[in-house]
*Asks:* 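Below: one structure in structure tokens.
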Amino acid sequence: MTKKVKVRFAPSPTGDLHVGNIRTALFDWAYARHTGGTFLFRIEDTDTTRVTDEYINAAIDTLKWLGLDWDEGPEVGGDNGPYLQSQRLDIYAQWAQKFLDQKDAYHCYCSPDELEAVREAQRKANVAPGYNGHCRDLTDAQIAAYKAEGRGAVVRMRMPDGNTTFTDLIRGDVTFDHNFVPDFVLVRADGSPLYTLAVAVDDILMKVTHVLRGEDLLSSTPRQIRVYQAMGVKLEDYPVFAHLPFVMGQDNAKLSKRNGEVSIAWYREMGFLPEAICNYLALLGWSPGDDLENITMKQLTEMFTVEKVHSSPARFDMKKLEAINGDKIRALTLDEFLKWSLPFLTKADVITGTDAEIELVKKALPLIQERIIMLNEVPKMLKFLFTKNFAVDAESVSKITDDGSKAILQRSIKELETVSDWNHTNIEAVLRASLIEEMALKPRIAFTALRIATTGSTISPPLFESMELLGKEACLLRINAGLAL
RNA sequence: GGCCCCGUCGUCUAGCGGCCUAGGACUCUGGCUUCUCAAGCCAGCUACGAGGGUUCGAAUCCCUUCGGGGCUACCA
């Protein structure tokens with residue numbers, strides 16, 4: 001009988017969640033959903049100097065926004081909580097004490113300076129740096145002496161001789177010789193637990209079956225397995241590991257959270273859709289196959305398997321993300337597009353949100369849906385429909401002050417005044433008849449002048465539709481104003 | 001330095017011994033369409049890091065080498 005899958009995403013929010021974090025979260029989530037298992041969300045905040053409440057809340061918010069819903073964790077609860085490690089300190093302390101009692105762990109009185117000196121010597125001697133086992137077998141007298149000195153002590157796990165082999169779902173069997181896995185610290189001198197202790201204890205206690213995480217944690221796996229052993233966990237109850245390849249930056253360096261472009265919050269502000277971000281990120285290190293790329297979240301959960309995840313790192317490519325975002329925007333229904341656009345429009349002060357404004361937005365959106373790749377372009381493209389103090393873009397003014405343009409504008413006013421039923425078909429008809437047919441102008445020339453005068457820019461939604469939405473009065477007003485420039 | 005991981009077009013990938021004179025997507029270039037910008041359509045450029053094996057046959061298996069990355073904390 002196979003156990004029900006439980007996958008966890010356990011970030012340490014020392015900043016806004018970034019691209020790499022989210023790719024991991026996405027795979028965790030997709031795998032849980034694919035298998036019909038449980039998705040557990042846990043916050044690893046044992047490093048209190050770097051993790052803040054603000055970042056924790058931001059992480060929760062980001063995950064929700066992306067649609068990566070969790071079954072156990074902050075806000076939703078569960079049977080294995082609490083899900084913030086800072087609230088589980090007593091649990092870790094108990095286990096650490098147990099390890100001490102079992103002699104699996106011991107107190108180490110070495111000072112940071114002493115440890116550094118040892119490492120320095122090791123580097124010089126060209127041997128593997130790491131803890132040298134100095135305090136492994138201290139006598140009672142030695143311990144008493146250290147205590148008398150007032151030294152603090154950390155709790156260190158004893159790494160036995162031998163080696164650890166585990167099967168990584170993505171990389172196959174991986175073996176680490178314990179000669180290169182020194183005794184590691186479980187508890188700081190101040191009594192607080194370290195990641196190595198907390199993850200292992202939590203993954204077991206929370207009954208996690210699959211640990212899918214970044215490959216930077218690959219070499220810490222033998223340490224976790226050591227903790228499982230000390231906990232007395234049976235082999236078949238160890239979680240299965242899968243180390244996901246990195247998402248790298250353009251320069252082949254690991255994407256770092258110091259860079260603004262990696263923060264998911266930034267992508268949200270720019271107007272990327274969560275589904276586009278997830279779709280793109282899913283393609284980094286994984287592929288649905290069959291030349292398929294544009295997939296829905298539902299398809300992702302149906303097709304995703306860890307076995308198909310690559311072992312090699314992937315470069316993050318903004319252009320491709322943009323292309324996918326454009327595809328996703330074009331696939332939106334009008335109501336969806338409206339829902340996503342409104343916040344951008346109000347935030348940019350293009351509209352305040354009245355019913356009349358929303359009605360007009362609704363008419364205008366279809367005109368720009370295939371012309372944008374990010375939602376933050378919506379206000380830019382629709383501003384001309386709502387602005388109270390209209391002005392032609394500075395760089396476009398000179399393009400309509402020549403005699404040719406004046407003639408076009410003059411003739412347009414004359415023709416447009418005659419249009420009684422103001423719609424784009426009629427507008428186009430009179431303008432083509434007069435400007436193109438009679439004046440024999442090139443459409444490009446004639447309509448560019450009108451475009452600048454009515455929308456203020458050389459780039460706009462389709463001209464005649466734009467004029468229709470603007471209304472006859474406003475159009476004529478603006479063209480007249482353009483004539484006066 | 002040591003340990004570990006990785007190596008197909010510029011980028012993401014398909015490929016799991018013959019379907020590969022290596023397919024798709026993004027980017028880029030050219031063209032068509034066209035009221036701008038897009039979108040759409042067509043065409044083109046460009047890859048199995050290198051060297052050895054194994055085999056009738058290798059991108060696919062093995063070895064070496066080179067290159068990239070991670071870890072080497074009282075960070076995660």
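In what follows, every heavy atom counts, from backbone to side chain, and hydrogens, waters and symmetry copies are set aside. Throughout, protein chains are lettered first and strands after them, A, B, ... in sequence-line order, and every chain is numbered starting at 1.
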*Asks:* Quantified in whole Å, what is the P atom distance between nucleotide B:rG52 and nucleotide B:rC66?
*Replies:* 16 Å

*Asks:* Using the C1' atoms only, state how far B:rU34 lies from B:rA39, rounded to an integer number of Å.
*Replies:* 11 Å

*Asks:* Rounding to an integer number of angstrom, what distance separates B:rG67 and B:rC62 when you compare their P atoms?
*Replies:* 22 Å

*Asks:* Identify whether any heavy atom of A:P461 sits under 4.0 Å from a base atom; if not, whether one sits that close to sugar-phosphate; answer base, sugar-phosphate or nothing.
*Replies:* base

*Asks:* So A:Y228 and A:F241, would you call those rings parallel, tilted or perpendicular, with 30° and 60° as cut-offs?
*Replies:* parallel

*Asks:* In whole Å, what separates the P atom of B:rC71 from that of B:rA76?
*Replies:* 13 Å

*Asks:* Between B:rC74 and B:rG68, how many Å separate the two C1' atoms, rounded to a whole number?
*Replies:* 32 Å

*Asks:* Round to a whole Å and report the spacing from CZ of A:R371 to C1' of B:rG40.
*Replies:* 12 Å

*Asks:* For B:rA47 and B:rU55, measure between their P atoms and round to the nearest Å.
*Replies:* 31 Å

*Asks:* Contact class for A:S460 vs. all strands (heavy atom < 4.0 Å): base, sugar-phosphate, or nothing?
*Replies:* base

*Asks:* To the nearest angstrom, how far is A:K319 atom NZ from B:rU29 atom C1'?
*Replies:* 15 Å

*Asks:* Would you measure the distance from the C1' atom in B:rA14 across to the matching atom in B:rC5 and give it in whole Å?
*Replies:* 23 Å

*Asks:* With a non-hydrogen cut-off below 4.0 angstrom, is A:F184 in contact with a base, only sugar-phosphate, or nothing?
*Replies:* nothing

*Asks:* Contact class for A:P182 (heavy atom, under 4.0 Å): base, sugar-phosphate, or nothing?
*Replies:* nothing

*Asks:* Taking only Lys NZ, Arg NE, NH1 and NH2, and the carboxylate oxygens of Asp or Glu, determine whether A:E377 and A:K380 approach each other closer than 4.0 Å.
*Replies:* no

*Asks:* With sugar-phosphate meaning primed atoms plus P, OP1 and OP2, does A:T46 contact a base, only sugar-phosphate, or nothing at under 4.0 Å between heavy atoms?
*Replies:* sugar-phosphate

*Asks:* In whole angstrom, give the distance that lies between atom CZ of A:R213 and atom P of B:rC75.
*Replies:* 17 Å

*Asks:* Is the distance between the ring centroids of A:F464 and A:F447 less than 6.0 Å?
*Replies:* yes

*Asks:* Please measure how far the P atom in B:rU8 lies from the corresponding atom in B:rG49, and state the result in whole Å.
*Replies:* 6 Å

*Asks:* Any side-chain donor paired with an acceptor under 3.5 Å for A:T455 and A:R451?
*Replies:* no

*Asks:* Report the base-pairing partner of B:rC41 (Watson-Crick or G-U wobble, both distances below 3.5 angstrom), or none.
*Replies:* B:rG31

*Asks:* Would you tell me if any nitrogen or oxygen in the side chain of A:R119 comes within less than 4.0 Å of OP1 or OP2 on B:rA73?
*Replies:* yes

*Asks:* Without decimals, in angstroms, what is the distance between A:L115 CG and B:rC75 P?
*Replies:* 12 Å

*Asks:* Select base, sugar-phosphate, or nothing to describe what A:H243 touches, counting heavy atoms under 4.0 Å on all strands.
*Replies:* nothing

*Asks:* Going by modelled atom types, is there a donor-acceptor pair between the base of B:rG24 and the side chain of A:E293 at under 3.5 Å?
*Replies:* yes

*Asks:* Side-chain donor-acceptor pair under 3.5 Å between A:D45 and A:Y55, yes or no?
*Replies:* no

*Asks:* Paired with B:rG2: which nucleotide, if any, by Watson-Crick or G-U wobble criteria at under 3.5 Å for both distances?
*Replies:* B:rC71

*Asks:* Report yes if a donor N or O on one partner sits less than 3.5 Å from an acceptor N or O on the other, where the partners are the side chain of A:R444 and the base of B:rC35; otherwise report no.
*Replies:* no

*Asks:* Please tell me which of A:D327 and A:I459 maps to the more 5' nucleotide of RNA chain B, matching each residue to the nucleotide holding its nearest heavy atom.
*Replies:* A:I459

*Asks:* Has A:H310 got a side-chain N or O lying under 4.0 Å from the OP1 or OP2 atom of B:rA14?
*Replies:* yes

*Asks:* Is the distance from the ring center of A:F304 to that of A:F27 below 6.0 Å?
*Replies:* yes

*Asks:* Find the partner of B:rG7: check Watson-Crick (N1-N3 plus N6-O4 or O6-N4) and G-U wobble (N1-O2, O6-N3) distances, both under 3.5 Å, and reply none if neither fits.
*Replies:* B:rC66

*Asks:* Indicate, with a heavy-atom threshold strictly under 4.0 Å, whether A:I368 touches base, sugar-phosphate, or nothing.
*Replies:* nothing

